[in-house]
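The chains referred to below are lettered A, B, ... by the order of the sequence lines, with proteins before strands, and numbering in each begins at 1. Fair warning: this is a prediction, and the values are worked out from it, not measured in the lab.
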Amino acid sequence: MEKWILIDGNSIANRAFYAMPPLTNASGLHTNAVYGFTTMLLKLLEEEKPTHMLVAFDAGKVTFRHEGYGDYKGGRQKTPSELSEQFPLIKELLTSFGISQFELSGYEADDIIGTLTRMADEQGAEALVVSGDKDMLQLASDKVTVAITRKGVSEVERYSPAEIQEKYGLVPLQIIDLKGLMGDTSDNIPGIPGVGEKTALKMLHEYGSVEQVLEHSGDLKGKMKEKVEQHKDDAIMSKKLATIFREVPLEQGVEEMKYNGYEKPVLAEAFRKLEFKSLMERLDLTGEAVGAEGAVQAADLVVVTVTAGDDDALASLSCALPKVESIYCEVIGENPHQSETVAIAVASPDAIHVISLDEAKTDALGFFRDWLASTDAAKTGFDMHRVELSLAWHGLPINGIVFDVQLAAYLLDPTSTESAQTISGLCGKYGLPSVASDESVFGKGAKFKLPETEGLHAFIAAKADAVRRLADKQRTELERSGMYKLYYDLEQPLSRVLAGMELQGIRADASVIEQLGAELEGRVLELKGKIYELAGMEFNIGSPKQLGEVLFEKLGLPVKKKTKTGYSTDADVLEELAPYHDIIPSILMYRQLSKLQSTYVEGLLKEIRPNTGHIHTFYRQTIAATGRLSSQFPNLQNIPIRLEEGRQIRKAFVPSEPGWYMLAADYSQIELRVLAHISGDHGLKEAFLHDMDIHTKTASDVFGVRPEDVDSNMRRQAKAVNFGIVYGISDFGLSNNLGITRKEAAQFIEQYFVAFQGVRKYMDDIVMQARRDGYVTTLLERRRYLPEIKASNFNLRSFAERTAMNTPIQGTAADIIKLAMVKMDQELRTRELKSRMLLQVHDELVFEVPEDELEIMKKLVPDVMESAIELDVPLKADVSYGHSWYEAK
DNA sequence: CATATCACG
DNA sequence: ACGTACGTGATATGC
């Protein structure tokens, strides 16, 4: 007789995780859930002697349940990294046990188990389902027993249909009705509010099913009747959500679930890596020989901590350096310009050396510093842009960086979240030996804490080793996806260029900012008094909540827009309210000036280094989904310019040397030029070939008038249409922006597409291409995946379609200015110019230039920018200069 | 720690 | 019919 054991892997891993005390191995990897899972497996194997065994896992984030109900499992807090990092370990362990595992994208573990129990019923096999979830009780039958974990994992409570009858007075299938009525907070299944287990059971004993309860809702009394009648739909939906789907199209069959026992050496090796010493003894595995062939696993690493006094270790490091394949440098702190670098690990295939930074600075480690600084010593690392800055501030130059795992991960998927860009996350993605997450080792936020040296070094060593393996996989991936050149010829060199700009910093004159701050303070104070007077009370104007109450309740102004939490008071709303009350202009002005004061006056002053007077931003190269850079600590890409009051801030950005100039060059209409090129639209190309004013040209085509008859209003509207085109246009967005009706907006768009038919074709084609390939690309083959382009949800899909239209445009523009930056850096070096590139603001480059180079740079910078790449239309860069960034306009 | 707002391209 | 313009980061407020 066959005996199947079917385990709900996710549920048991969860139970084990919360039931077991924390447990970590030497490199900081959490193993408590793996341990709990293992003890449960051992117990089942011993007591049940199964002929077949299977562990099912949930796969993917979106299941068919989400299609009907977006909030399914919505309220659930996300899996802690301490647990998620253990899933790969559990899966590896199951393989060592010889136990098969199924998962299928779009289905949950209980659906897979439900399908298999149906097969057990049909084939007359005996099955035991093991889970922590009572939902599973619906699967019980003559053949199927359900075991639910009780406190911990190894103790279970078994339910046959008779036992379910005894305990609940229900047949197994009625468990679904039970949940339909009472809901399940952990899965965010609503049920009927106020109905708990007791009430639900009473109703079911009386009526038998959700449908019957709803039909007889008239018989109920008082509050309960109201609740049931109000939430009929919720109950029906909840029942649907609680129903385990038993027709999963499984790719594997019963044959593959056969269990033939484990091989002792294999399991011994797995336990040894996990450091499960007690289990090894319990199973008498300690003496089992270890098959040493195959890759070295993370826990096998030979880790040498190098100290200046340890001659053996020094010799070993010196020997290993030529064979080093990867480096990991632990930088603590978000801002690399003020970070602590604790230690560096270098990994070769047979050993990893860890050097604390203090040791690295000693005389005995001079050879190591030379190696770091050597251009010939190739280095593969992680987040080396940050590392370079951090080390530079500690007086350690680093050269010869040839590959960066984080940068590669970004190119391979620029939308990957921050956690998917960590070493731990990447190891999971590529199926490499697990590495603990930074969060699980260090904690986060206020709880951040370095572990003791030994654990810290083991962790850093594990990361260095992982970098080596990851880089191998990624090089292939980059090649396969056609991004090899983009990586090696552009992004990797750019990383060094950025580091140079950031270390140089930009000079900021604190006295200019302070002066502006003093003026602002007076005006803000004055406005504050005026606002209090007009409101007839004092309140916190900076609080949207309090402001909303004053405007819409006290003063009774019409509500134009709501936010999730209350009234909207954003600038659009306030502008609409201006005709109703004199307080509005003052509030708008107050907002504008207090923003300047807090973000730009106070914010920037804090960022000026007292000894140099420089501000050092940090460009992030792995954040923006389109390929753009972003700027942090402080953000120098959003310094005010549009309004004169704010623009004054730019007067503080001055050259760092006396007599030098600030020089700025920006691309003119780069995105529309890119669009002209990639769409091949005849009219758009002609416009740029003749260097026409593009908004006037658009107005003339859209409104059907001669260019000289285009008035300023027509031009303004055409400009908005051009913006819309670049963003992936919709009539709603345009109507909102222009304050016209949707119908009128739709007409503008249609007229635009009649005039620029090539653009219409591009928009259609790119969306089709995204649907076909699952991604779009820029001119330099930068990729962005758009899985939601196939979503059935209108919103998600529309968003993906607009992104498909926008990303090749914005992304190609980003490619181009990056090319210009790398070229510009080279030109400055080869021509031995003293001028320095300081800032990039998406379509603008800012330099500081000595007077005697002004003439050269006025020509060189736009030349390099315009020739960065050859398109079917010319690129144009406008250059200007002055004594401050303000004057370079 | 999330939300609303606003600065830039 | 659905309901949003694309991409970022910093700040203050309030739970």
Under the salt bridge (Lys or Arg N to Asp or Glu O under 4.0 Å) criterion, do K528(A) and E538(A) qualify, and how do the steps go?
-> CA-CA 9 Å; K528(A) 205 167 163 182; E538(A) 295 198 359; over 6 Å; no
Phosphate OP1/OP2 of [N] contacted by [X] side-chain N/O (<4.0 Å):
{"X": "R784(A)", "N": "dG7(C)", "result": "yes"}
{"X": "T626(A)", "N": "dC6(C)", "result": "no"}
{"X": "T565(A)", "N": "dA4(B)", "result": "yes"}
{"X": "S798(A)", "N": "dT4(C)", "result": "no"}
{"X": "K545(A)", "N": "dG14(C)", "result": "no"}

Under-3.5 Å donor-acceptor pair between [X] side chain and [N] base:
{"X": "S730(A)", "N": "dT4(C)", "answer": "yes"}
{"X": "R802(A)", "N": "dT4(C)", "answer": "yes"}
{"X": "R742(A)", "N": "dG3(C)", "answer": "yes"}
{"X": "Q810(A)", "N": "dC6(C)", "answer": "yes"}

Send over the distance from [X] [atom1] to [N] [atom2], rounded to a whole Å.
{"X": "Q840(A)", "N": "dC8(B)", "atom1": "CD", "atom2": "P", "value": "17 Å"}
{"X": "K561(A)", "N": "dG3(C)", "atom1": "NZ", "atom2": "P", "value": "16 Å"}
{"X": "F448(A)", "N": "dC1(B)", "atom1": "CZ", "atom2": "P", "value": "14 Å"}
{"X": "L796(A)", "N": "dG3(C)", "atom1": "CG", "atom2": "C1'", "value": "12 Å"}
{"X": "E575(A)", "N": "dT5(B)", "atom1": "CD", "atom2": "P", "value": "14 Å"}
{"X": "I749(A)", "N": "dA5(C)", "atom1": "CD1", "atom2": "P", "value": "15 Å"}
{"X": "D570(A)", "N": "dA7(B)", "atom1": "CG", "atom2": "P", "value": "11 Å"}
{"X": "R628(A)", "N": "dT8(C)", "atom1": "CZ", "atom2": "C1'", "value": "8 Å"}

Any donor-acceptor N/O pair, H614(A) side chain to Q504(A) backbone, under 3.5 Å = yes
Once the angle between the rings of Y775(A) and Y785(A) is folded into 0 to 90°, is it parallel (under 30°), tilted (30 to 60°) or perpendicular (over 60°)?
-> perpendicular
Write out a two-atom table: protein N or O, nucleotide N or O from nucleotides 10-12 of chain C, distance below 3.5 Å.
| residue | atom | partner | partner atom | Å |
| --- | --- | --- | --- | --- |
| dA10(C) | OP1 | F633(A) | N | 2.9 |

Aromatic ring centroids of Y667(A) and H842(A) under 6.0 Å?
-> no
CG/L786(A) to CZ/R802(A) distance, rounded to the nearest 0.5 angstrom?
-> 12.0 Å
Distance in Å, R760(A) CZ paired with I729(A) CD1, rounded so as to fall on 0.5 Å steps = 11.5 Å
Can you tell me how far P in dT5(B) sits from the matching atom in dT4(C), rounded to whole Å?
-> 15 Å
Taking the same atom, P, in dC6(B) and in dA5(C), what whole-Å distance lies between them?
-> 15 Å
Among [options], the one nearest [X] by side-chain distance:
{"X": "I623(A)", "options": "dG9(B), dA4(B), dG9(C)", "answer": "dG9(C)"}
{"X": "Y600(A)", "options": "dC6(B), dA7(B), dC2(C)", "answer": "dA7(B)"}
{"X": "A625(A)", "options": "dT5(B), dT8(C), dA4(B)", "answer": "dT8(C)"}
{"X": "K444(A)", "options": "dA4(B), dC1(B), dC6(C)", "answer": "dC1(B)"}
{"X": "K564(A)", "options": "dT3(B), dT5(B), dT4(C)", "answer": "dT3(B)"}
{"X": "H842(A)", "options": "dT5(B), dA7(B), dG7(C)", "answer": "dG7(C)"}

Checking all strands, does [X] fall into the base, sugar-phosphate, or nothing category for heavy-atom contacts under 4.0 angstrom?
{"X": "A571(A)", "answer": "sugar-phosphate"}
{"X": "N737(A)", "answer": "base"}
{"X": "S594(A)", "answer": "nothing"}
{"X": "I641(A)", "answer": "sugar-phosphate"}
{"X": "A720(A)", "answer": "base"}
{"X": "I639(A)", "answer": "sugar-phosphate"}
{"X": "V841(A)", "answer": "sugar-phosphate"}
{"X": "A814(A)", "answer": "nothing"}
{"X": "T807(A)", "answer": "nothing"}
{"X": "E671(A)", "answer": "nothing"}

Crowded around [X] [atom1]? As in, over 12 foreign heavy atoms under 6.0 Å?
{"X": "F723(A)", "atom1": "CZ", "answer": "no"}
{"X": "K761(A)", "atom1": "NZ", "answer": "no"}
{"X": "E334(A)", "atom1": "CD", "answer": "no"}
{"X": "E644(A)", "atom1": "CD", "answer": "yes"}

F653(A) pairs by ring-ring contact (aromatic ring centres under 6.0 Å, His included) with which of Y600(A), W885(A), F847(A)?
-> W885(A)
Positive for side chain to side chain donor-acceptor pair (under 3.5 Å) with T778(A), one of D815(A), T626(A), T812(A) | D815(A)
K444(A) charged N/C atom sitting above F442(A) aromatic ring, 6.0 Å / 45° | no
Could you identify which residues of residues 642-651 of chain A place a heavy atom less than 4.0 Å from some atom of DNA chain B, listed by residue number, or say none?
-> R642(A)
Considering every strand shown, what is the Watson-Crick or G-U wobble mate of dC2(C) when both distances are under 3.5 Å?
-> none
Check the geometry between F799(A) and dT4(C) and answer yes if their rings are stacked (centres below 5.5 Å, planes below 30°), otherwise no.
-> no
